[in-house]
There are 2 protein chains.
Amino acid sequence: MNDSDRRTASMAGSKRKDARRNQQALLDAAATIFVASGVEAPVRDIAAKAGVGIGTIYRHFPTRAELIIAVYRHQVDACAEAGPALLAASPTPHAALAQWVDLFVDFLVTKHGLAAAMRSDSAGFETLHAYFLDRLLPVCTQLLDAATTSGEIHPGLEAYQLMRGIGNLCIGADADPRYDARRMVALLVAGLRQPH
Amino acid sequence: MNDSDRRTASMAGSKRKDARRNQQALLDAAATIFVASGVEAPVRDIAAKAGVGIGTIYRHFPTRAELIIAVYRHQVDACAEAGPALLAASPTPHAALAQWVDLFVDFLVTKHGLAAAMRSDSAGFETLHAYFLDRLLPVCTQLLDAATTSGEIHPGLEAYQLMRGIGNLCIGADADPRYDARRMVALLVAGLRQPH
DNA sequence: TGCAAAGCGGAACGGTGTTCCGTATTGTTT
DNA sequence: AAACAATACGGAACACCGTTCCGCTTTGCA
């Protein structure tokens, strides 16, 4: 049993049915509110939408990061699993890296405020940062290593830095039509290429 | 008289001497506190450090953005003026652009929280964003155009996007030793280069 | 049905930005 | 010097937010 299984088990295994129901209601409400108002929406709004009290949301999700993680776990997992698949299916490792980065960027820019939240220095958000790193850093490292080995990109860049850079470039990408995060990330990845 | 002169004049021309003294005290206090606690430090702290009441800070600087701008105006102006100078002194436009970007990045990463503040969606921070754009966008555009004309970089990238990208890459650059914003920006600028 | 355990709700607290107005300071006029 | 109007000041008060805490309710079991 890994960390991921243990966390999801904590929900499925909840003893009382009202607790399970409320937790699901909170997840649904959070998902809706995150789309409408971003991941920094007031806790009270989420509790109200779910029809529960404020205490309940804190009992199920002691930190906002845990709620965000619970809401987006499936998508993050899908992104993590896409890495090896792309590597196997793409003509070159660099192509796989590029496609995977696209996936990651798409995920970030469509989740209002998520990229910013991950860089927030408020207490509790290190957890969010850590979760993304746990799940995606190994994948990114694998892709980066493959592309380095194939000689397509410069060696020496830590996957961590690349992911942070990409995350940063996605901040505020919604809400500003003049800014195209995808393009900026593409430029960054282009800068990674070995000058043939 | 341009906008910049008018704004500075609003300080020098303040009629009552206590008002002038307090405004200067606030600027000094803000500069100190910004260094110690970042540009998002509580308004009360700044007022306390300056030895004035809360009302006074709001009278002189109705929005936080105006206070930040007042504190950093000189440095932003210096950065703006460095653009043409670099263009004249550098061997190639691309070298000038690279040096200017370095200047900009240095400024951002040494001002705790400034890059993040510029991307904050709270009301009042559009002013900050707008000020930086007013002062620096023309300079960046000039450098970018020169480098495009000389054939060193791909055409078609708006200076606005480049500046936003750079600003984003600088977010949280302090407080994370594993992340090197300068390197990421260098990568971005490298991605801009015309493939020979 | 009774009862202990588990869970719930929301009042209450601390911290923050912001407004507002009675009071104090300043500069001018007499 | 004294009176006065204009200007500026201070901080109480309000609104909003995250978070904690505890009396009350619901649940599941005996």
Side-chain angles (χ1 to χ4, degrees), chain A residues 9-30 33-34 36-69 113 116-117 120-128, chain B residues 9-30 33-34 36-68 70 113 116-117 120-128:
Chain A
S10 77
M11 167 174 176
S14 274
K15 290 295 158 65
R16 276 173 53 165
K17 72 178 178 199
D18 56 347
R20 236 181 348 247
R21 180 168 33 81
N22 281 333
Q23 179 151 356
Q24 191 55 52
L26 279 169
L27 284 173
D28 294 345
I33 296 232
F34 284 173
S37 317
V39 296
E40 306 253 37
V43 181
R44 281 168 176 80
D45 290 1
I46 300 170
K49 181 94 178 178
V52 304
I54 302 165
T56 300
I57 196 170
Y58 276 97
R59 193 167 322 99
H60 286 288
F61 305 102
T63 73
R64 182 184 293 270
E66 290 177 59
L67 179 56
I68 296 175
I69 292 170
S120 165
D121 43 7
S122 325
F125 278 101
E126 324 82 41
T127 313
L128 185 61
Chain B
S10 78
M11 167 175 175
S14 273
K15 288 297 157 63
R16 276 173 56 165
K17 73 179 179 201
D18 56 347
R20 242 189 331 258
R21 178 168 35 79
N22 281 333
Q23 179 152 357
Q24 190 56 51
L26 278 168
L27 284 173
D28 294 345
I33 296 231
F34 284 173
S37 316
V39 297
E40 307 252 36
V43 181
R44 281 168 177 80
D45 291 359
I46 300 170
K49 181 96 178 178
V52 304
I54 303 164
T56 301
I57 196 170
Y58 276 97
R59 194 167 320 100
H60 287 288
F61 305 101
T63 73
R64 183 184 292 270
E66 291 175 58
L67 179 56
I68 296 175
S120 165
D121 43 8
S122 327
F125 277 101
E126 325 81 41
T127 313
L128 185 60

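Every chain is numbered from 1 and lettered A, B, ... according to where its sequence line falls, protein lines coming before strand lines.
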(request) By nearest nucleotide on DNA chain D, pick out whichever of B:Arg16 and B:Thr56 is the more 5' one. (result) B:Arg16

4.5 Å side-chain heavy-atom contact, [X] and [Y]:
X	Y	result
A:Gln24	A:Asp28	yes
B:Lys17	B:Arg20	yes
B:Leu128	B:Thr63	no

Can you tell me the distance, in whole Å, between the [atom1] atom of [X] and the [atom2] atom of [N]?
X	N	atom1	atom2	answer
A:Arg44	D:dG18	CZ	P	7 Å
B:Arg59	C:dA24	CZ	C1'	12 Å
A:Arg20	D:dT26	CZ	C1'	14 Å
A:Ile46	D:dT19	CD1	P	11 Å
B:Ile57	C:dT16	CD1	P	14 Å
A:Arg64	D:dC17	CZ	P	10 Å
B:Asn22	D:dG10	CG	C1'	11 Å
A:Lys15	C:dC8	NZ	P	15 Å

(message) Let me confirm one number: the CG-CD distance from B:Leu27 to B:Gln23, rounded to the nearest 0.5 Å.
(response) 6.0 Å

(request) Select from B:Pro62 and B:Lys17 the residue whose nearest nucleotide in DNA chain C is closer to the 5' end of that strand. (result) B:Pro62

Among [options], the one nearest [X] by side-chain distance:
X	options	answer
B:Asp18	C:dG7, C:dA11, C:dT25	C:dT25
A:Ala19	D:dT20, D:dA12, C:dG7	C:dG7
A:His60	D:dG11, C:dC8, D:dC17	C:dC8
A:Tyr58	C:dG10, C:dG17, D:dG18	D:dG18

(request) Verify side-chain contact (heavy atoms from CB on, under 4.5 Å) between B:Leu67 and B:Val43, making sure each step is shown before the conclusion. (result) CA-CA 10 Å; B:Leu67 179 56; B:Val43 181; over 6 Å; no

